[in-house]
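We count ligands from 1, going down the list as the structure has it; atoms in each ligand are counted the same way.
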Amino acid sequence: MGRKVLLIEDEPEIQLLVKVGLEPFGYTVVIAEDGDKGLATALADDIDAVLIDLMVPRMHGYEVIQRLRADSRTRSLPVIVISAKTFASDQRKALDLGADAFVQKPFEPQEVHELLTSLFWRTRVTFWGVRGSIAAPGPETVRYGGNTPCVTIEHGEHMLILDAGTGLRRLGIDLARRGLAHEMHMLISHTHWDHIQGFPFFVPAYAAGNKLRIYGPRTIDKPLDRVLRGQMDPEYFPVALGDMEADIEVTELRGDPIDIGPFHITYAYMNHPGVTLGYRIEVGGRVITYATDTEPYRYLLKQQRPDQDGEEYGRKRDEHLVALAQDADLYIADSQYAPKDYETKLGWGHTCYLDAVDVGVDAGVKCLALFSHDPMHDDAAIDDKLEQSQARVQERGAEVKVVAATEGAHIIVE
Ligand SMILES: [Zn+2]
């Protein structure tokens with residue numbers, strides 16, 4: 001199925017030109033004849049890109065762009081302005097408000113197609129679940145989200161799924177609806193419940209003809225596919241993994257880098273109970289590091305081996321994580337605890353957000369996404385975590401952009 005493009009335009013001739021001109025390239029064109037309807041459609045529907053005229057009735061194009069950029073669902077949607085206005089100030093204004101490109105009317109559909117293609121080939125990260133340990137839905141977590149880890153990285157037509165926490169359920173519905181479930185690749189960090197519990201509810205796994213390739217660490221005494229099957233034993237779940245109709249193949253990672261389409265993937269062990277991997281993913285000249293569920297060695301070893309200079313040894317071990325995140329464009333990091341939580345949770349296998357910031361600064365990352373939010377933290381606590389983390393970056397005299405991972409939000413990796 002092709003990409004769905006929303007055209008916000010009241011001129012019938014342009015509506016016709018875009019429809020007739022883009023459909024041969026495989027797009028579905030949806031038309032809204034005023035700004036109000038356009039905005040509502042973009043927010044409610046599964047739109048892949050927006051083409052918008054500036055002077056549309058009911059809501060000016062500028063305001064539509066502004067509102068699209070203010071909403072996490074449409075923040076990184078490709079938006080192209082098509083306008084007869086030739087003033088440089090108008091063009092600049094549209095781009096300042098967040099439009100990706102400006103096309104002068106009259107235009108050839110080919111020109112729009114080429115622009116759309118270049119915008120679709122950006123690398124886009126989407127958060128489907130951001131919560132650590134256990135799903136924590138409810139009014140107090142509604143802004144950042146309550147589902148457990150699941151993240152996608154899209155590069156053009158290619159997608160990588162990271163972890164299968166409860167956020168995977170909604171991703172499955174989305175993939176099935178967009179017709180994008182034919183071939184899927186999923187990396188699992190480890191098999192604690194919060195990272196695999198969405199799997200039995202992953203709709204595309206039940207459809208014959210779909211291919212699902214799962215990669216992850218070999219667990220201590222059972223192969224990975226047995227662990228995944230284990231949570232679907234009849235005592236726990238009514239359908240067995242073997243009954244899922246998709247062609248599912250599980251590969252255990254044993255140290256060698258892997259290439260999946262345009263993604264080049266290396267990985268390292270995390271300091272977490274059991275066997276856990278953190279991933280470094282290179283794609284399109286960009287680097288994304290996904291390292292969740294890990295704890296700094298130095299605090300643990302300081303406590304365990306005070307006489308042997310455990311802290312110093314721990315510091316050396318902690319450099320592994322810095323290496324995994326080195327110069328990453330986006331570092332998605334375990335930052336479950338506030339400093340106060342960590343006082344009583346030493347040895348639980350997670351990281352305090354200030355330490356996550358330090359790794360990001362030491363590794364020289366461009367953007368740090370605070371991830372694996374504690375189920376006990378409400379939205380206000382995560383606001384505070386974000387603020388404190390940004391302050392830490394300032395204190396360190398660094399220039400790392402810090403965001404708090406938010407369910408449903410996208411990040412374009414520039
Ligand atoms: Zn875990």
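- Distances from the Zn ion (ligand 1) under 2.8 Å pick out these protein N/O/S atoms: H190 NE2, H192 ND1, H272 NE2, D293 OD2.
- Residues D71 and R67 are not paired through a salt bridge, judged by the lack of any N-O separation under 4.0 Å between the basic side chain and the carboxylate.
- Stacking of R3 on the aromatic ring of F120 is recorded, both the 6.0 Å distance cut-off and the 45° axial limit being met.
- For L354, the side chain to side chain contact (heavy atoms under 4.5 Å, CB included) test picks out P339, C352, R392, with sequence neighbours left out.
- Checked for salt-bridge contact, D309 and K302 miss the test: no charged N lies under 4.0 Å from a carboxylate O.
- No cation-pi contact links R169 to F201, judged by a cut-off of 6.0 Å to the six-membered ring centre and 45° from its axis.
- With values rounded to the nearest 0.5 angstrom, Q197 atom CD is found 7.0 Å from I134 atom CD1.
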